[in-house]
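For reference, the structure I am asking about is given below.
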Amino acid sequence: MVVPSPKIRPIGWNGISCLLPEDWNVIVKGNAHLIIEHNLLPLLEFRWPSGSFSSAKRSHSDRILSRLSEETGKTVELLTSPAFLEGLAKAYDVQAFRFDEELSPAGAILTCRKCSTPILLQFFGTSTSSVERFRLFFATFSCCQPERGNSGWAIEDLRFKIPDAFTLDTYSFSLGLARLSFKTRAASLKLIRLSSGSKHIRQHTFEQLFANFHGAGPDHATRLDDSTLILDVSPSLRDYLLKTVTRKKIYRWAKFAYYPEKDKILGILLESSRPLDKEQIGFIEKNYGFIQ
């Protein structure tokens, strides 16, 4: 009997990327904190700090393990890295650990040889047989973006790329609605995904939904086709002079598109106190969509 290979999907979140079986879920716990679960049971947790790091790898590991011991109230003992972590050892210095005198590893500290980022991995229900399930994750895990200047993201059913000048500000994944917000010193970028799009369109017009998203009246939008609306606002010279004093984001571009094959709506809103870069708009627009 031939057992079919499980389908896989990409994950990308705030600099971290990997491949996972399609039926595993990713729970976002923080800007730099993810939990992987299957059938509502946690399998793996990983946390990483933001910012750049020096080459003092041992001090990073010591601080992380000391903090972990305080959080759990358990003694952390270092181990020789087991064979199933070999996939990570190609790009990371791997320091496995266990709690108290447990036989199985509880996790590992990874230190990227390229960017020196320290990453804490913790296993749930750890036994040598159970962690074998993570081989795909270990082989594809990375904290270094392959394409400099364009951060790749893939979370839930969404995939997108954004210029590296933008940093993650806020996010929410509620029932039927995903919101992500990014910012620079002068601009903000908001992305949404609204499920059950046909239901919302029946309750409100498409123009009204778009107006609620970007905050201007429905008459400001331009309809490209039956399922796409665009907003492109540049201030008059008078408005520019008045609003520059208050540092308001007066340049705005937004897109609202309904995808009937998925019955979902995707929205993009880019606002800035400076003139918007058309190439940047095109890049964001082109790279925001659904994971295939």
Side-chain angles (χ1 to χ4, degrees), residues 5-51 53 60-61 64 81-97 105-126 128-162 164 167-168 171 173 178 180 182 191 287-292:
S5 300
K7 293 182 178 180
I8 61 175
R9 65 186 178 111
I11 297 298
W13 182 258
N14 212 9
I16 296 293
S17 63
C18 64
L19 295 177
L20 294 177
E22 192 176 48
D23 59 344
W24 289 16
N25 298 316
V26 176
I27 308 301
V28 178
K29 299 293 289 183
N31 286 14
H33 186 183
L34 299 178
I35 291 179
I36 298 171
E37 66 174 26
H38 182 228
N39 293 333
L40 301 180
L41 296 176
L43 300 176
L44 180 69
E45 177 181 19
F46 51 109
R47 292 181 276 175
W48 66 101
S50 58
F53 295 87
H60 293 316
S61 298
I64 292 172
S81 295
F84 59 79
L85 292 176
E86 287 178 355
L88 290 166
K90 296 177 182 179
Y92 296 89
D93 291 331
V94 180
Q95 180 60 72
F97 63 86
I109 303 295
L110 313 179
T111 305
C112 180
R113 297 195 188 100
K114 185 176 181 180
C115 66
S116 297
T117 299
I119 300 163
L120 170 64
L121 296 184
Q122 285 185 261
F123 310 127
F124 293 91
T126 55
T128 301
S129 60
S130 67
V131 294
E132 290 290 332
R133 296 176 295 179
F134 305 139
R135 281 193 180 274
L136 174 65
F137 169 83
F138 294 153
T140 59
F141 182 83
S142 176
C143 62
C144 295
Q145 294 291 332
E147 184 180 358
R148 182 172 177 81
N150 303 313
S151 299
W153 297 67
I155 196 72
E156 294 201 341
D157 60 344
L158 298 175
R159 54 97 184 144
F160 53 95
K161 291 183 179 181
I162 59 172
D164 277 348
T167 58
L168 180 62
Y171 64 86
F173 299 97
L180 297 111
F182 303 84
L191 305 175
N287 289 286
Y288 184 40
F290 297 103
I291 296 173
Q292 300 300 320

ask   = What's the spacing between E156 CD and R9 CZ if we round to 0.5 Å?
value = 8.5 Å

task = Would you indicate whether the side-chain heavy atoms of V26 and W13 approach each other to under 4.5 Å?
result = no

remark   = Minimal heavy-atom distance between F141 and I16, with the atoms involved, is CE1-CG2, 3.4 Å

task = Return the set of residues passing side chain to side chain donor-acceptor pair (under 3.5 Å) with R47 (not counting sequence neighbours), or none when no residue passes.
result = E71, Q122

task = To the nearest 0.5 Å, tell me how far N14 CG sits from L168 CG.
result = 5.0 Å

inquiry  = Is any side-chain heavy atom of F134 closer than 4.5 Å to one of L43?
reply    = yes

Contact check, side chains of L88 and L121, non-hydrogen atoms, under 4.5 Å = yes

inquiry  = Whether the side chain of Y171 engages the backbone of F182 through a donor-acceptor N/O pair (distance < 3.5 Å, no angle test) should be reported.
reply    = no

request  = Taking all non-hydrogen atoms of both residues into account, name the closest pair between S116 and T111 and its distance.
outcome  = O-CG2, 4.0 Å

ask   = Between atom CG of L44 and atom CD of E37, what is the distance when rounded to the nearest 0.5 Å?
value = 12.0 Å

key: For P49 against P118, the heavy-atom pair lying closest together   = CD-O, 3.1 Å

message = To the closest 0.5 Å, what do you measure between CD1 (I64) and CZ (F97)?
response = 9.5 Å

ask   = Measuring from F138:CZ to F84:CZ, what's the distance to the nearest 0.5 Å?
value = 6.0 Å

ask   = Got F46 and I36 here, is their nearest side-chain heavy-atom distance under 4.5 Å?
value = yes

task = Specify the closest pair of heavy atoms between W48 and A32, including all atoms of both residues, with the distance to one decimal.
result = O-CB, 2.7 Å

remark   = All heavy atoms of P42 vs all of F124, minimum pair found to be O-CB, 3.2 Å

key: CH2-CD1 distance between W153 and I291, expressed to the nearest 0.5 angstrom   = 13.0 Å

message = Can you confirm whether I11 sits close enough to L19 that some side-chain heavy atom of one is under 4.5 Å from a side-chain heavy atom of the other?
response = no

message = Determine whether a donor-acceptor pair (N or O, by modelled atom type, separation under 3.5 Å) exists between the side chain of E22 and the backbone of L20.
response = no

task = Taking all heavy atoms of A89 and all of R113, pick out the closest pair and write down the distance.
result = O-NH2, 2.9 Å

